[in-house]
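Computed from a prediction, not measured in an experiment: that's the story for all the values here. Letters go in sequence order (proteins before strands), and every chain restarts at 1.
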Amino acid sequence: MLYQFSSEEDNFSYHNAAELQKQLAEKVRLNDFYDQDIRIIAGTDVSYSRNGKYSTAVAGIIIMKYGSWEVIEAVYAVKEISFPYIPGLLSFRELPVLLDAYDKMKTKPDIWLVDGAGIAHPRRLGLASHFGVTIDRPTIGVAKSRLTGHHMDLYLEKGSTVPLRDRAEVIGTVLRSRTNVRPLYISPGHLVSLEQASEIVLSCCTRYRLPEPIRAAHNFVTRLKAKILMQ
DNA sequence: GCGACAG
DNA sequence: ATCTTGTCGC
């Protein structure tokens, strides 16, 4: 077997991993969309530092008050990972650390912004969807670049959007989160509709390209990693 | 066979 | 993601 989880027992070939994704993708729900007021929102990010064949991954989760962006809680986890980055299989690399951090949380956010794709994925199960189905909570995928699908050009003004399509199927929204910057690739992860996903992300964008929860999580893990590497 | 390719 | 210096634009 070519690739495996950090847990020694399970072997994972690309084929097996892809089949598992297809299975889990059937559990993704976008219709029973999230229809309550968002009060608490979470953002995730993972950063790495290389150690030869392995990598030390640091996953961070920031939980904040929606709108005021006041941080309520911040948790993190560190893990050695051997699963390589393979386009389409990112969740097998990042999910274990992310779930370790998740286990440390006290607060229960209404919805999650995850760094990576949701259903805008070859088998409709990007990291945000995989994570969402696993914890059975609403998630939205926020990717800084395109994994799959195609789209037209969009206006340079903040707030402009264009659908992201795979053939005839709409799998996400390309969103200009700030004027004159590269757009974000938004797709529902789990328990949110496609329309809501981009609306919610835009509502989290202040004066930066990244929505506040993701930006905070990114800053968090970046600083954490520097601190951890010093010891 | 040749490109494309989240983080 | 990470490696890396200066540099162009709002």
Asks: Under 4.5 Å between any side-chain heavy atoms of A/Leu184 and A/Thr173, yes or no?
Replies: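 A side-chain contact under 4.5 Å is absent here.
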
Asks: Among the nucleotides B/dA6, C/dC10, B/dG7, which one has an atom lying closest to any side-chain atom of A/Asn180?
Replies: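 The listed nucleotide nearest to A/Asn180's side chain is C/dC10.
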
Asks: Base, sugar-phosphate, or nothing for A/Tyr48, non-hydrogen atoms under 4.0 angstrom?
Replies: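 A/Tyr48: backbone/sugar contact only, no base atoms under 4.0 Å.
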
Asks: Within 45 degrees of the axis of the six-membered ring of A/Tyr185 and under 6.0 Å from its centre: does A/Lys144 put its NZ or CZ there?
Replies: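 Not flagged: A/Lys144 not positioned over aromatic ring of A/Tyr185.
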
Asks: Specify the separation, in whole Å, of atom OH of A/Tyr85 and atom P of B/dA4.
Replies: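 Atom-to-atom, A/Tyr85 to B/dA4, this comes out as 15 Å.
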
Asks: Students often get this wrong, so: under 4.0 angstrom with heavy atoms, is A/Gly141 touching a base, only sugar-phosphate, or nothing?
Replies: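 Since no nucleic acid heavy atom lies under 4.0 Å of A/Gly141, the category is nothing.
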
Asks: Does B/dA6 have OP1 or OP2 sitting under 4.0 Å from an N or O in the side chain of A/Lys144?
Replies: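 So the side chain of A/Lys144 is outside the cut-off, no N or O lying under 4.0 Å from OP1 or OP2 of B/dA6.
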
Asks: Between A/Arg93 and A/Phe83, is NZ or CZ placed under 6.0 angstrom from the six-membered ring centre and within 45° of the ring axis?
Replies: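 Verdict for A/Phe83: no cation-pi partner in A/Arg93.
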
Asks: Atom CZ of A/Arg209 and atom P of C/dC10: how far apart are they, to the nearest Å?
Replies: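 Those two atoms, CZ and P, are 18 Å apart.
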
Asks: According to a strict under-4.0 Å criterion, is A/His150 in side-chain N/O contact with OP1 or OP2 of B/dA4?
Replies: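 Checking A/His150 against B/dA4: no side-chain N or O falls below 4.0 Å of OP1 or OP2.
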
Asks: Map A/His218 and A/Arg178 onto DNA chain C by nearest heavy atom, then report which one ends up closer to the 5' terminus.
Replies: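 Its nucleotide being nearer the 5' end, the pick is A/His218.
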
Asks: Write down the distance between CD1 (A/Ile186) and C1' (B/dA6), rounded to a whole number of angstrom.
Replies: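 To the nearest whole Å, that distance equals 12 Å.
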
Asks: A/Arg123 has an atom CZ; how far is it from atom P of B/dA6, in whole Å?
Replies: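 Taking atom P of B/dA6 as the reference, CZ of A/Arg123 is at 13 Å.
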
Asks: Would you mind classifying the nucleic acid contact of A/Ala117 as base, sugar-phosphate or nothing, using non-hydrogen atoms under 4.0 angstrom?
Replies: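 It contacts base atoms.
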
Asks: Looking only at heavy atoms, what is the nearest atom pair of A/Leu89 and A/Ala17, with distance?
Replies: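 That would be CD2-CB, 3.9 Å.
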
Asks: Whole angstrom is fine here: how far is it from CD in A/Gln21 over to C1' in B/dA6?
Replies: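 From A/Gln21 CD to B/dA6 C1': 12 Å.
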
Asks: Using a distance-only test with no angle check, is there a side-chain donor-acceptor pair under 3.5 angstrom linking A/Glu212 and A/Thr206?
Replies: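 Result is yes, a qualifying pair exists.
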
Asks: Think A/Ser47 has a side-chain N or O under 4.0 angstrom from the OP1 or OP2 of B/dG7?
Replies: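 False: A/Ser47 side-chain N/O out of range (4.0 Å or more) of B/dG7 OP1/OP2.
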
Asks: Atom NE2 of A/His151 to atom P of B/dA4: distance rounded to whole Å?
Replies: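 Spelled out: NE2 on A/His151 to P on B/dA4 is 14 Å.
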
